[in-house]
Amino acid sequence: MVDLNAPIWGQVDSAGNDADKWLRRLLNGEEEFREGMEVLAEDLSHQLSWYSATACVLPHLAALCKTLSPADRMFLIAQMGPAAAAEADCPLEEGTELWREFREGMTGLRAVTVDLLQNHMDTLEAASGEERQMFALGALSFLGDRKHAYALWLLSGYCWEDGSAACACGWSDECLHFADRQEYLKPAAIAPWDGKSLEDEAVWFSGLLSRFGEDMILPILPLVYGEGVCPECGRREPFWAWHERFYQEY
C-alpha cells in the first residue's frame, strides 16, 4: 500500500488529478462516507476512462472496508466497479509498481465482494434497485472478466439495448440492436445459480441479477455470453470477441 505522502501520488493521474486529496479526506472522516466515495469514484472513472491513480487507491479502500458496515461496503464496490473494470481497456504492465498495487487492491476488494455475496445477501437485497444493479456490475468487475465488465459498463450508455460488433472479415455494426438482431446472435444456455458457487461467471452473474429482480441487463445476458454469426461470411465466434474487435478497430 502506497503511503499518502509518497512521491508517486504526484505522478499518477485522475480526472481532476486530486484523487489523493479525496482519498485522504475519506480516510480521515472529513467527508460523509457516501458523498466522499461518490466524488472519489467519479474522479477515477470519469467517461469510463482508466486513471493510473486507481491502482494506488484500491489497496487503501480495501483496508477501509474493515471499518465499514455491509451496506457501505456494498456501496463502495458498486461505486468502484467502473474504475476497476477500465484497467481491462488499458492493461498495466506486469511487474511494475502500479501493477502490484492494483493486484493488491483487487485481491482485497475481491474478498470483500465474496463475503457480501456469501454472507450478506439480505443487505444486498434490501438496497434500492439502482444500488443493486451497480453492485452486480461492480461484483463482475472484481470477480469476473474485467473485459466483460467493462463492455457492460459501456453498454449501459445504450441502456443495454444496443451493442457494437465486428467480424474479422470486415463486417461491422456500430448499433447492433439486440431485440432486432436475433438472426445474428445465438443465445447461450445459462444454468440456474445455486447461490454459492462463483466458478461460472455467466451463471452467478445471471443468478445474482435474478435474485435482485433486475430486468434491464438480465435479458441480454444469453446474447452477450452467446455466439455471433456474421451475416456476411457466416463465421461463428463469441459475442465478446465481436465487441472487443469493434473497439480495437473502430
Hey, is R132 close enough to E214 for a salt bridge, meaning N to O under 4.0 Å? no

Determine yes or no for a side-chain-to-main-chain donor-acceptor pair under 3.5 angstrom, with R235 supplying the side chain and C230 the backbone. no

Quick one: ring-ring contact (aromatic ring centres under 6.0 Å, His included) partners of Y51, sequence neighbours excluded? none

Hits for side-chain contact (heavy atoms from CB on, under 4.5 Å) against N5, two or more places apart or cross-chain, chain-then-number order -> D3, R24

Output the distance between atom CG (L44) and atom NE2 (H46), rounded to the nearest 0.5 Å. 12.0 Å

Do L40 and L4 share a hydrophobic cluster (ILVMFWY, side-chain heavy atoms under 4.5 Å, transitive)? yes

With a 3.5 Å cut-off and no angle check, do the side chains of W153 and S141 form a donor-acceptor pair? yes

With sequence neighbours left out, what residues match E30 under side-chain contact (heavy atoms from CB on, under 4.5 Å)? R25, N28

Mind running side-chain contact (heavy atoms from CB on, under 4.5 Å) on Q133 and F212 for me, showing each step along the way? CA-CA 8 Å; Q133 184 186 88; F212 286 169; over 6 Å; no

Considering only residues two or more places apart or on different chains, which pairs with a residue in residues 112-148 satisfy ring-ring contact (aromatic ring centres under 6.0 Å, His included)? H148-Y225, H148-W240

Around Q118, counting heavy atoms of other residues, nucleotides and ligands shown, do more than 12 lie under 6.0 Å from its CD? yes

Would Y184 and W171 count as a ring-ring contact (aromatic ring centres under 6.0 Å, His included) here? Give the steps. CA-CA 12 Å; Y184 297 175; W171 170 83; 5.7 Å; yes

Indicate yes or no for a side-chain donor-acceptor contact from D43 to the backbone of S14 under 3.5 Å, with no hydrogens or angles considered. no

Could you give all pairs that pass the ring-ring contact (aromatic ring centres under 6.0 Å, His included) test and reach residues 88-116, with sequence neighbours left out? W50-F102

If I compare all heavy atoms of G228 with all of L185, which pair ends up nearest, and what's the gap? CA-CD2, 4.3 Å

Between V203 and W193, what is the shortest heavy-atom contact and its length? O-CB, 3.6 Å

With sequence neighbours excluded, what pairs up with D13 under the salt bridge (charged side-chain N to carboxylate O under 4.0 Å, His left out) test? none

